[in-house]
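Data first, discussion second: the structure below is written as C-alpha cells.
Values below: all heavy atoms of this structure, side chains included; hydrogens, waters and symmetry mates excluded.
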Amino acid sequence: MPSLREYKEEYALPVNACLNVTNACPLACKYCFVNQNPERMSLEIAQDSVKYLYNNLKRKRELLGNENLKGTINFFGGEPMLMYDEIIVPSVEWTEKTYPNCFSFGITTNGVLLNKKSIQFFYQHNITPLLSMDGDRKTQDYNRPYHDGTGSFDKIVAQIPYLLEKFPNTVFRMTIY
C-alpha cells in the first residue's frame, strides 16, 4: 500500500490533457458555453504541453513501475478542426516521432469540418473522435446552426458513414436544450 506521500506524488503528475486549441467555431449553438473569439493555441504551446505531460509520464511510470503507461491528449475547442492543419496534424506527428507509444489521442468535434482526409488521418493515428450532434435534422438545425442561421445537419450527416466505417464505436454526444 502506498504511503500518503507516494499517493500525493503520483496524483500530482497529470499525464492527460484536453488541449483547447481554439475558442472559434463555425457554429452558433443555442447553449454554447464557449466565449467564441479568434483565440488560437500556437504549435509551440501545444508542444510545450506535450513535453510537460511526457515529463510527468516518465516520472509516473517510474513510481508505478509501469513502462507501458500512456498519457492522453484530447483536442477540444470551440471547434478544434479549425486548427487541423496548424495544430492537430503537426502536434500528433511531432508527438508520435518524439515520444513514440507514449500517448493516445482524441478529438471532440461538432463534425462540420470533417472530411475523408481528416477521418483517414484520425484512423491512421488512432485519434478517437467524439462527435457532438443533437439528433434529427429539426433538432440539430435548431440547436446547432451556423452563424448565418443555416442548419448544420446535412454537412455532418454526409460524413457519418465514412466516420463509422473507420470508427464503428464512435461516441455521439447530445446536449438536451
Side-chain angles (χ1 to χ4, degrees), residues 1-25 33-34 39-133 156 159-175:
M1 177 172 209
S3 70
L4 182 58
R5 181 175 164 248
E6 291 168 331
Y7 179 83
K8 285 181 177 180
E9 189 174 345
E10 176 187 339
Y11 287 96
L13 297 169
V15 297
N16 304 310
C18 185
L19 299 183
N20 191 35
V21 298
T22 182
N23 285 330
C25 184
F33 59 87
V34 175
E39 289 180 339
R40 295 167 185 251
M41 178 180 281
S42 70
L43 181 58
E44 180 183 5
I45 289 174
Q47 289 174 338
D48 285 348
S49 299
V50 175
K51 289 174 191 173
Y52 171 77
L53 293 173
Y54 177 74
N55 287 331
N56 288 346
L57 179 64
K58 195 166 60 170
R59 179 69 182 122
K60 200 166 197 172
R61 283 175 166 180
E62 292 169 7
L63 281 170
L64 299 176
N66 181 355
E67 287 301 311
N68 296 317
L69 183 66
K70 283 187 168 188
T72 303
I73 298 165
N74 190 64
F75 298 103
F76 194 75
E79 174 49 48
M81 286 298 294
L82 288 169
M83 300 300 288
Y84 177 76
D85 291 321
E86 296 86 356
I87 296 292
I88 296 171
V89 170
S91 291
V92 169
E93 290 175 343
W94 177 83
T95 300
E96 289 178 340
K97 181 180 176 186
T98 308
Y99 306 113
N101 301 310
C102 289
F103 294 96
S104 54
F105 299 94
I107 185 168
T108 300
T109 177
N110 60 34
V112 299
L113 299 174
L114 290 177
N115 55 46
K116 282 192 174 185
K117 178 185 170 192
S118 60
I119 294 168
Q120 184 62 34
F121 180 82
F122 295 166
Y123 182 74
Q124 289 171 337
H125 296 272
N126 201 27
I127 301 170
T128 304
L130 183 150
L131 187 65
S132 295
M133 185 176 178
I156 297 167
Q159 299 307 320
I160 289 177
Y162 190 64
L163 180 68
L164 291 177
E165 177 185 320
K166 295 298 183 185
F167 297 95
N169 295 319
T170 296
V171 172
F172 286 73
R173 185 190 70 207
M174 294 181 185
T175 301

Can you name the nearest heavy-atom pair linking [X] to [Y], along with the distance?
X      : Y      : result
Leu13  : Leu63  : CD1-CD1, 3.7 Å
Cys102 : Leu57  : O-CD2, 3.4 Å
Leu53  : Ala17  : CD1-CB, 3.5 Å
Pro90  : Tyr84  : CD-O, 4.1 Å
Met83  : Met41  : CE-O, 3.7 Å
Val92  : Ile127 : CG2-CD1, 3.8 Å

**Request:** Please test Leu82 against Arg40 for side-chain contact (heavy atoms from CB on, under 4.5 Å), starting from the C-alpha separation and ending with a verdict.
**Result:** CA-CA 9 Å; Leu82 288 169; Arg40 295 167 185 251; 4.2 Å; yes
Does atom [atom1] of [X] have more than 12 heavy-atom neighbours, drawn from other residues, nucleotides or ligands, at distances under 6.0 Å?
X      : atom1 : result
Lys70  : NZ    : yes
Phe121 : CZ    : yes
Glu165 : CD    : yes

**Item:** side chain to side chain contact (heavy atoms under 4.5 Å, CB included) partner of Leu114, chosen from Ile107, Ile156, Leu131
**Value:** Leu131
**Side chain Asn56, main chain Pro14, donor-acceptor under 3.5 Å** =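 Yes, the answer is positive, given that a donor and an acceptor are paired below the 3.5 Å cut-off.
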**Side-chain donor or acceptor of Ser118 paired with backbone N/O of Asn115 under 3.5 Å** = yes
Point-to-point distance, once rounded to the nearest 0.5 Å, from [atom1] of [X] to [atom2] of [Y]:
X      : Y      : atom1 : atom2 : value
Gln159 : Lys116 : CD    : NZ    : 8.0 Å
His125 : Ile88  : NE2   : CD1   : 12.0 Å
Glu44  : Lys51  : CD    : NZ    : 7.5 Å
Leu130 : Asn110 : CG    : CG    : 11.5 Å
Ser42  : Gln47  : OG    : CD    : 8.5 Å

**Close side-chain approach of Ser132 and Thr108, heavy atoms under 4.5 Å** = yes
**Note, Leu43 side chain near Ile87 side chain (heavy atom, < 4.5 Å)** = yes
**Item:** Trace of the side-chain contact (heavy atoms from CB on, under 4.5 Å) decision for Met81 with Phe75
**Value:** CA-CA 9 Å; Met81 286 298 294; Phe75 298 103; over 6 Å; no
**Donor on one side chain, acceptor on other, Thr22 and Glu79, under 3.5 Å** = no
**Item:** ring-ring contact (aromatic ring centres under 6.0 Å, His included) pairs, two or more places apart, involving residues 86-110
**Value:**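 Residue pairs with at least one partner in residues 86-110: Tyr54-Tyr99, Trp94-Tyr99.
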